[in-house]
Amino acid sequence: MGARKTSGKRKSGGKKDKRPGQGQRTGTSFAGASFERSQVLGSGTQTTKINVQAYAAVPTALNSLPGLPQEFTGREDEIAKILSMLDPGRGSGAAVGSVAGLPGVGKTTLAHAVGHAALDKGWFTGVQMVNLRGYDPTPVPPEDALEALLRALGVAAEHIPPTLDEREGLYRSQLDALAREEQRILILADNASTSDQVRPLLPARHHAVLVTSRHTLPGLGARLFNLHPLQPDAAVDLLHQRLEVADPDDQRVEDEPAAANELAALCGYLPLALQIAAALLADDPDQPLSERVRMLTDAGTRLGGLDDGERNLRAVFDECLTRLTHQQADLYRLLGLHPGPDISTPAAAALTGQPVDKITPLLRQLVQARLLAQNSQARDRWFMHDLLRVHAQEQARITMDRDRVPRRRYEQARNRLTDHYVRHAEAADTHLRPPGNAVSTLFAGREQALAWFDAERENLLATTHTYARTQTALNLGFALGRYLDWRRRLQDAVTVRAHALEACQVLGDALNLAGAWNNLGSALEELGRHAEALDAHRTALKIFQQTGDTDGQANAWNSLGIALGELKRHTEAHDAYRTALDLFQQTDDTHGQAMAWNNLGTACRSLERYAKAIKAGETAIAMLTQVEDWARTGEAWAEFAATLNASGAEPSRVREAWEQSATAYVRAGDDEAAATSRGNVENPPPGT
């Protein structure tokens with residue numbers, strides 16, 4: 001790019017500029033120069049000596065830093081970290097930092113705040129900003145950025161050389177001249193998209209550069225500061241202050257604190273989204289916060305509700321996609337199909353139909369673009385900001401509506417993902433079943449299976465909800481039950497088992513219908529909804545009887561007895577357990593018999609038939625120990641201890657039973673239950 005032309009001619013000499021005020025200095029110039037011009041006139045030659053001043057005195061604007069918005073808040077820790085990098089006491093080399101974060105997170109405003117804080121400390125003579133517009137259709141090339149900086153540093157437009165290399169050299173020489181005068185400049189290179197945009201702006205020493213970008217810009221070698229959304233309290237504070245600026249009497253945040261918290265969450269704690277929401281509220285001073293919350297609650301219209309006529313969050317996110325390659329944009333949209341809050345690398349591979357080693361680099365590229373984040377604790381897990389996820393979902397829907405080919409691809413992607421979750425959930429469940437059942441080799445053991453369930457729990461629940469009334473919900477409803485019981489996620493258990501039951505009914509799956517009713521009853525029982533549980537078990541028993549399923553009937557009678565016992569109908573419970581025991585004996589189900597004996601002992605204790613209760617308990621313990629079901633053995637010893645205590649047995653015998661219970665729970669890996677049993681060794685609960 002050539003040097004910019006100027007209008008008119010600059011005279012040498014003339015009236016000098018006034019003494020610069022704060023934030024300005026007179027531009028230093030090269031020494032004056034002279035040359036001779038020869039001109040032929042007729043038969044002779046005339047020589048004229050001309051003196052010129054290469055650079056005239058030019059005012060220098062060393063501080064282009066704008067003021068901070070009054071509502072700026074919640075970034076104290078981030079400012080302190082960046083200031084530690086800018087501290088002149090750290091050395092004479094150039095300090096280079098890069099603030100990276102997703103669109104709308106407040107990178108530019110944070111950079112302004114850092115600049116003000118650094119000026120207040122007296123570390124810099126001035127702060128010079130240059131907007132690189134890295135994500136505009138036409139980003140600012142580095143030679144244009146250097147021209148702006150050179151002019152701010154006092155170089156007249158006509159003396160700015162035309163090439164990038166020349167401008168870079170002159171820029172550094174100007175900075176060196178300032179350094180010799182003990183002046184230190186902070187350059188804020190805002191909105192950069194590539195390292196190449198910024199690299200020519202880096203000083204050799206003494207000064208500092210702070211870059212903001214949606215990308216990490218690894219080529220700069222800068223100290224990286226990742227900027228995250230605001231904390232919830234700071235987000236609400238920003239909302240409150242913005243409304244107060246518009247109207248000091250606005251008390252809506254104080255009047256509806258719960259709605260304010262919910263609104264901040266719906267804005268994803270992003271400063272830009274919060275500012276837009278505040279602007280819309282300020283424009284409608286009679287609108288309650290709860291009404292604005294309702295408008296944003298629907299994910300399908302949330303981004304549309306974050307548009308104040310001048311700022312549009314959807315447009316900001318749309319622009320991000322224009323910077324992606326086809327593969328990156330396709331992955332971004334596919335991730336919008338995922339129903340859960342995060343995704344593992346294997347699940348992402350299943351979603352895309354690509355091997356793990358090929359999908360991982362693409363995931364990392366989206367992280368660099370700040371459209372995805374990597375879990376710092378679990379490196380194989382990835383997540384999107386809530387509003388970006390909404391945008392990715394929108395993009396997937398738009399693409400599906402526009403073209404049938406992507407619709408088929410997306411349906412195939414969904415099927416691959418749900419198959420991945422169902423297959424792994426069913427495999428993990430085999431490790432939680434009673435001993436003697438076959439286990440899947442997909443997991444090395446129960447601990448690994450539990451760890452997978454723990455990591456994927458929210459995704460599995462979201463998948464069950466998203467694909468309600470389908471085979472996926474049915475399969476996951478059966479596969480998740482034992483895990484949710486183990487982790488005492490009782491409400492979740494009711495939810496997934498209700499989805500499984502509904503799916504059975506919709507799909508006409510008579511084979512699994514009775515089991516689904518029985519499972520739902522057991523989940524309701526754990527939540528103390530005993531009457532509902534009783535109805536569910538009765539429905540299950542009726543279906544099992546109609547189909548002639550003896551083992552199913554045994555399980556239903558056993559579950560029915562539990563519900564009756566909780567409703568204090570102990571005689572009916574006793575009879576139900578006896579029926580279950582007889583049926584389990586017919587099917588030669590040792591584990592089922594053991595559970596029926598244990599429950600029968602509990603019923604006998606409630607009926608004060610202590611001798612029978614003790615005999616039933618001993619039988620249950622022996623059978624459960626034989627099959628090495630240590631979790632159930634721990635329960636049986638606990639019930640036996642309660643029976644001994646209620647019967648008036650020697651305290652030492654009661655304590656021994658509780659100790660045996662704790663030992664069994666330890667072998668089962670249930671530390672919480674083991675601790676409860678140990679606590680009962682010294683303080684046995686009263687018998688019933």
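Source: prediction; values computed, not measured. Heavy-atom basis, side chains included; hydrogens, waters and symmetry copies ignored.
Atom-to-atom distance recorded for I359:CD1 and I343:CD1 is 9.0 Å, nearest 0.5 angstrom. The distance from atom OG1 of T633 to atom OH of Y665, rounded to the nearest 0.5 Å, is 9.5 Å. To the nearest 0.5 angstrom, R214 atom CZ is 12.0 Å from R370 atom CZ. Here the straight-line distance linking atom CG of L524 with atom CG of N519 works out to 11.0 Å at 0.5 Å rounding. Here the straight-line distance linking atom CG of L476 with atom CD of Q471 works out to 10.0 Å at 0.5 Å rounding. For the atom pair M595 CE and S559 OG, the distance stands at 10.0 Å (nearest 0.5 Å).
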Report the C-alpha separation of R578 and D582 in whole Å, then their side-chain angles, then the decisive distance to 0.1 Å, and conclude whether the salt bridge (charged side-chain N to carboxylate O under 4.0 Å, His left out) test is met.
CA-CA 6 Å; R578 284 296 326 179; D582 291 341; 3.8 Å; yes
Does T472 form a side-chain contact (heavy atoms from CB on, under 4.5 Å) with Y421? I'd like the steps, not just the answer.
CA-CA 9 Å; T472 294; Y421 282 137; over 6 Å; no
Test F640 against R653 for side-chain contact (heavy atoms from CB on, under 4.5 Å), laying out the working first.
CA-CA 10 Å; F640 188 62; R653 193 179 177 193; 4.1 Å; yes
Evaluate the criterion side-chain contact (heavy atoms from CB on, under 4.5 Å) for residue pair M384 and H391; output intermediate values, then yes/no.
CA-CA 10 Å; M384 275 183 172; H391 182 255; over 6 Å; no
Assess whether side-chain contact (heavy atoms from CB on, under 4.5 Å) is satisfied between F317 and L371, documenting all intermediate values.
CA-CA 9 Å; F317 291 166; L371 297 177; 5.9 Å; no
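Ion pair D386/R302 not flagged as a salt bridge, since none of the NZ, NE, NH1 or NH2 atoms sits closer than 4.0 Å to an Asp/Glu carboxylate oxygen. The residues R667 and E628 are annotated as not salt-bridged, no charged nitrogen and carboxylate oxygen being separated by less than 4.0 angstrom. Salt-bridge formation is detected for the pair E635/R632: a Lys NZ or Arg NE/NH1/NH2 atom is positioned less than 4.0 Å from an Asp or Glu carboxylate oxygen. D485 and R497 are joined by a salt bridge, as a carboxylate oxygen and a charged side-chain nitrogen come within less than 4.0 angstrom of each other. A salt bridge does not link D492 with R487: every distance from a Lys NZ or Arg NE/NH1/NH2 to an Asp or Glu carboxylate oxygen is 4.0 Å or more. Remark: E526 does not engage R489 in a salt bridge, criterion side-chain N to carboxylate O under 4.0 Å.
Between V654 and V681, every side-chain heavy-atom pair lies at or beyond the 4.5 Å cut-off. For the pair W486/D670, a side-chain contact is recorded, criterion being any heavy-atom separation below 4.5 Å from C-beta on. For the pair Q491/T495, a side-chain contact is recorded, criterion being any heavy-atom separation below 4.5 Å from C-beta on. K612 has its side chain out of reach of L607: every pair of non-hydrogen atoms, C-beta onward, lies at least 4.5 Å apart. Side-chain contact between L432 and L450: present, with at least one pair of heavy atoms (C-beta onward) separated by less than 4.5 Å. Residues H431 and Q448 fail the side-chain proximity criterion, which asks for heavy atoms closer than 4.5 Å. Side-chain contact between Q505 and L513 is present, with at least one heavy-atom pair separated by less than 4.5 Å. You'll find the side chain of D551 reaches within 4.5 Å of the side chain of F584, heavy atoms only.
A donor-acceptor contact shorter than 3.5 Å links the side chain of S647 to the backbone of L644. Between the side chain of Q374 and the backbone N or O of R379 there is at least one donor-acceptor pair closer than 3.5 Å. Side chain of T643 to main chain of E639: a donor-acceptor pair is present (N/O by atom type, distance under 3.5 Å, no hydrogens or angles). Panel note: side chain N459, backbone P339; no donor-acceptor pair is recorded below 3.5 Å. For T345 (side chain) and D380 (main-chain N/O), a donor-acceptor pair under 3.5 Å exists by modelled atom type. With hydrogens and angles disregarded, a donor-acceptor distance shorter than 3.5 Å links the side chain of N415 to the backbone of E411.
Under a cut-off of 6.0 angstrom, the local environment of CG in N375 is crowded, with over 12 non-hydrogen atoms contributed by other residues, nucleotides or ligands. No more than 12 heavy atoms of other residues, nucleotides or ligands lie within 6.0 Å of CD in E650, so this atom counts as exposed by the packing criterion. The environment of CD in E502 is crowded: more than 12 heavy-atom neighbours from other residues, nucleotides or ligands sit within 6.0 Å.
Across all non-hydrogen atoms, the minimal contact from L474 to L507 is CD1-CD1, 4.2 Å. Residue A413 comes nearest to L351 through the heavy atom pair CB-O, 3.2 Å, listed as atom of the first residue, atom of the second, then distance. For the pair A556 and F544, the tightest heavy-atom approach, listed with the atom from each and the gap, is CB-CD1, 4.0 Å. Taking both residues in full, the closest heavy atoms of M623 and A594 are given as CB-CB, 3.7 Å, listed atom of the first, atom of the second, then distance. Nearest approach of A347 to L417, heavy atoms of both residues: O-CD1, 3.8 Å. Across S344 and E456, no two heavy atoms sit closer than the pair OG-OE2, 3.5 Å.
Checking N437, T430, D429 one by one against R433, the side chain to side chain donor-acceptor pair (under 3.5 Å) holds for a single residue, D429. For the ring-ring contact (aromatic ring centres under 6.0 Å, His included) criterion with Y483, the lone passing option out of F478, W452, F453 is F453. Applying the side chain to side chain contact (heavy atoms under 4.5 Å, CB included) test between L534 and each of H530, H537, R538 identifies R538 as the sole match.
Listed by chain and number, the residues in a side-chain contact (heavy atoms from CB on, under 4.5 Å) with I562 are E525, Y577, N599 (sequence neighbours excluded). Applying the side chain to side chain donor-acceptor pair (under 3.5 Å) criterion to W557, with sequence neighbours excluded, gives no partner residue.
Close placement of the H420 and H424 rings is indicated, their centers lying within 6.0 Å of each other.
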